[in-house]
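Counting convention: from 1, in listed order, for ligands and their atoms alike. Numbers here simply count residues along the sequence, with the first being 1.
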Amino acid sequence: METYGCQMNVADSELVAGMMEKSGFAESDSESGADAVFLNTCAIREHAEDKIHSRLGKLRMLKSENPGMIIGIMGCMAQHLKDNILQNKPFVDFVLGPDSYRRIPELLRRHEETSASVVDTRLSRFEVYENLYPSRQEGINAWISIMRGCDKFCTFCIVPFTRGRERSRPVESIVKEAQQAVDHGFVEITLLGQNVNSYRHCDARFPELLDAVAQIPGVMRIRFTSPHPEDVDDDMLFVIRDHANICNSVHLPLQAGADRILQRMNRTYAQAQFLSLTERIRNILPGCGISTDIIVGFPGETEEEFDETLAVMEKIKFDSAFTFKYSSRPGTKAAEYSDHISEEVKEVRLAKLLDLQHEHTLFRNRQEIGKTVNVLVEKESKKSSSEWAGRTDNNKWVIFPKGSAEIFDFVDVTIIDARGVSLFGEIIQVGKKSHAVV
Ligand code: 5AD
Ligand code: SF4
């Protein structure tokens, strides 16, 4: 199984792997040795789909040498491009949307008997894959999906069409999965959903869920992604403030700065509300890391409106940002707008935005210099085998000499420098191991 796109896909792939293992299938360590290759796909931008088309071209060649090999497309692109795949890619055996995974083991067995192609892209109002537990690689962080789908219908976004309506998992099932993850050695839990703070199950909303997960013994760090600005309330911020193990960082997608564009995007907030929300976050949660998503070149975005995005960034100075050129998604409302922006203009705007964000990331990171911060050692630094890389509570990467620390340790690190997107530090104290070594 190969996974593309967002963390929700990573979590879904782990879920499918868990189901398959339970049904007697085993993961192959090479594509040439595999009887079946599944691509868990993303449709958020055209580029994501292009990658899959080119990957499918390679798999088709592999299949010509090994005609028995099964090729499956799952996830958002399967949902979005079902007809195109069926018509133009006859070598694809399975096309499965995000609500059809429960059937994979059964469908594979059936395919063995009939060899017929299988298509199931029905979306469900209820499927939350309750009581199915994922097969995870060992590591620091366990992704746990808490809700699926999205009802916001931002006009640029394909997700409400590929993932269907919002639905939430019961609190008990999420808590049980988090407890199991801790028992298996994971120390960080990231709660996932297209709109985590639209979470609602019976009387529990997102703040209650966060509170319940924070009380699980052994959960050292909790993160979540992504909330929608419209649904962030003070209760959520108070729960973050009141639990040391809920990380002091919020990902808050801005998308655009100008009110007319926000309205055309159907984002349901105005610039002033977004600004006051970030102020509230910083008041209630001092030092909170705030990251964002921004799209440039949305249809009809004028130069002045793009400048407003820059002006909002200047006011907030996000700690980090994921930035995208608008990509038209057939089927969405914005794709029908008649005033699309040229690629050249989008390129220029993206470059400006990246430059500005770079300055802001440095500005925020430099404020950490001289502080001693708690870091979870996660992996070896890419640049040097004598250094570790780990994250702070507010989601910044820190590079520091290994000393006697090991992966999974919590260490106190004094920050001595900030360069690029990283902090650099020195260990002051190695804390207790966050769990038994795996
Ligand atoms: N074009 C460009 N970026 C997009 N995103 C979602 N849809 C599109 C699109 N059509 C971005 C948004 C969202 C992030 C996950 O992807 O910024 O928050
Ligand atoms: Fe897409 Fe908007 Fe839903 Fe996020 S909130 S998944 S951007 S429609």
Quiz item: Considering only the protein, which heavy-atom contact is closest to atom 2 (Fe) of ligand 2, and what is its distance?
Solution: Cys154 SG, 2.3 Å
Practice problem: Do me a favour and list the nearest non-hydrogen protein atom to atom 1 (N) of ligand 1 with residue, atom name and distance? | Solution: Ser327 N, 2.9 Å
Quiz prompt | Residue pair Thr278 / Ile290, side-chain heavy-atom distance below 4.5 Å | solution = yes
Quiz item: Using a heavy-atom cut-off of under 4.0 Å, does the side chain or the backbone of Arg329 touch ligand 2, or both, or neither?
Solution: neither
Quiz item: If you count the atoms of ligand 2 from 1 in the order shown, which ones are under 4.0 Å from a heavy atom of His228?
Solution: 5 (S)
Self-check item: Residue and atom name of the nearest protein heavy atom (relative to atom 1 (Fe) of ligand 2), distance in Å to one decimal
Solution: Cys157 SG, 2.3 Å
Quiz item: Is it true that the NZ or CZ of Lys63 lies under 6.0 Å from the centre of Phe91's six-membered ring and within 45 degrees of the ring axis?
Solution: no
Quiz item: Who's closest to atom 4 (Fe) of ligand 2 heavy-atom-wise, of Gln194, Glu166, Met265?
Solution: Gln194
Quiz item: So between Thr225, Ile295, Asp293, whose heavy atom ends up nearest atom 18 (O) of ligand 1?
Solution: Asp293
Quiz item: Under 2.8 Å from atom 3 (Fe) of ligand 2, is there an N/O/S atom belonging to Cys150?
Solution: yes
Quiz item: Name the one of Asp234, Ile240, Val239 that satisfies side chain to side chain contact (heavy atoms under 4.5 Å, CB included) with Met236?
Solution: Ile240
Practice problem: Could you label the plane-to-plane angle of the Phe94 and His111 rings as parallel, tilted or perpendicular, counting under 30° as parallel and over 60° as perpendicular? | Solution: tilted
Quiz prompt | Thr332 side chain vs Ile158 backbone, donor-acceptor pair below 3.5 Å | solution = no
Quiz prompt | Distance-only side-chain donor-acceptor flag, His360 / Glu314, under 3.5 Å | solution = yes
Exercise. Tell me, please, whether Phe324 has Arg45 positioned over its six-membered ring: NZ or CZ under 6.0 Å from the ring centre and within 45 degrees of its axis?
Key: yes
Quiz item: Which of the atoms of ligand 2 are close to Phe156, meaning less than 4.0 Å from one of its heavy atoms?
Solution: 7 (S)
Quiz item: ligand 1 versus Gln255, non-hydrogen atoms closer than 4.0 Å: side chain, backbone, both, neither?
Solution: side chain
Self-check item: Any N/O pair Phe156/ligand 1 closer than 3.5 Å
Solution: yes
Quiz prompt | Per-atom contacts, ligand 1 versus Lys325 - under 4.0 Å to a heavy atom | solution = 1 (N), 2 (C)
Quiz item: ligand 1 and Arg329, any nitrogen or oxygen pair closer than 3.5 angstrom?
Solution: no
Exercise. Looking only at distances, please establish whether an N/O atom of ligand 1 is found under 3.5 Å from an N/O atom of Tyr326.
Key: no
Quiz prompt | Cation-pi geometry met for Arg264 and Tyr337 (6.0 Å, 45°) | solution = yes
Quiz item: Closer than 4.0 angstrom: is that true for some heavy atom of Arg163 and an atom of ligand 2?
Solution: no
Practice problem: Find all atoms of ligand 2 within a distance of less than 4.0 Å from any non-hydrogen atom belonging to Asn195, and give their numbers and elements. | Solution: 5 (S)
Quiz item: When the ring planes of His251 and Phe322 are compared, do they come out parallel, tilted or perpendicular, using 30° and 60° as the limits?
Solution: perpendicular
Quiz item: What is the nearest protein non-hydrogen atom to atom 4 (C) of ligand 1, stated with its residue, atom name and distance?
Solution: Arg45 NH1, 3.3 Å
Quiz item: What orientation do Phe274 and Tyr269 show, parallel under 30°, tilted 30 to 60°, or perpendicular over 60°?
Solution: tilted
Self-check item: Under 4.0 Å to a heavy atom of Pro160 - the qualifying atoms of ligand 2, by number
Solution: 8 (S)
Self-check item: Any side-chain donor near an acceptor of the partner, Glu21 and Ser135, under 3.5 Å
Solution: yes
Self-check item: Donor-acceptor contact below 3.5 Å, side chain Arg165 vs main chain Pro160
Solution: yes
Quiz prompt | Residue Val159 vicinity, atoms of ligand 2 by number, heavy atom under 4.0 Å | solution = 6 (S)
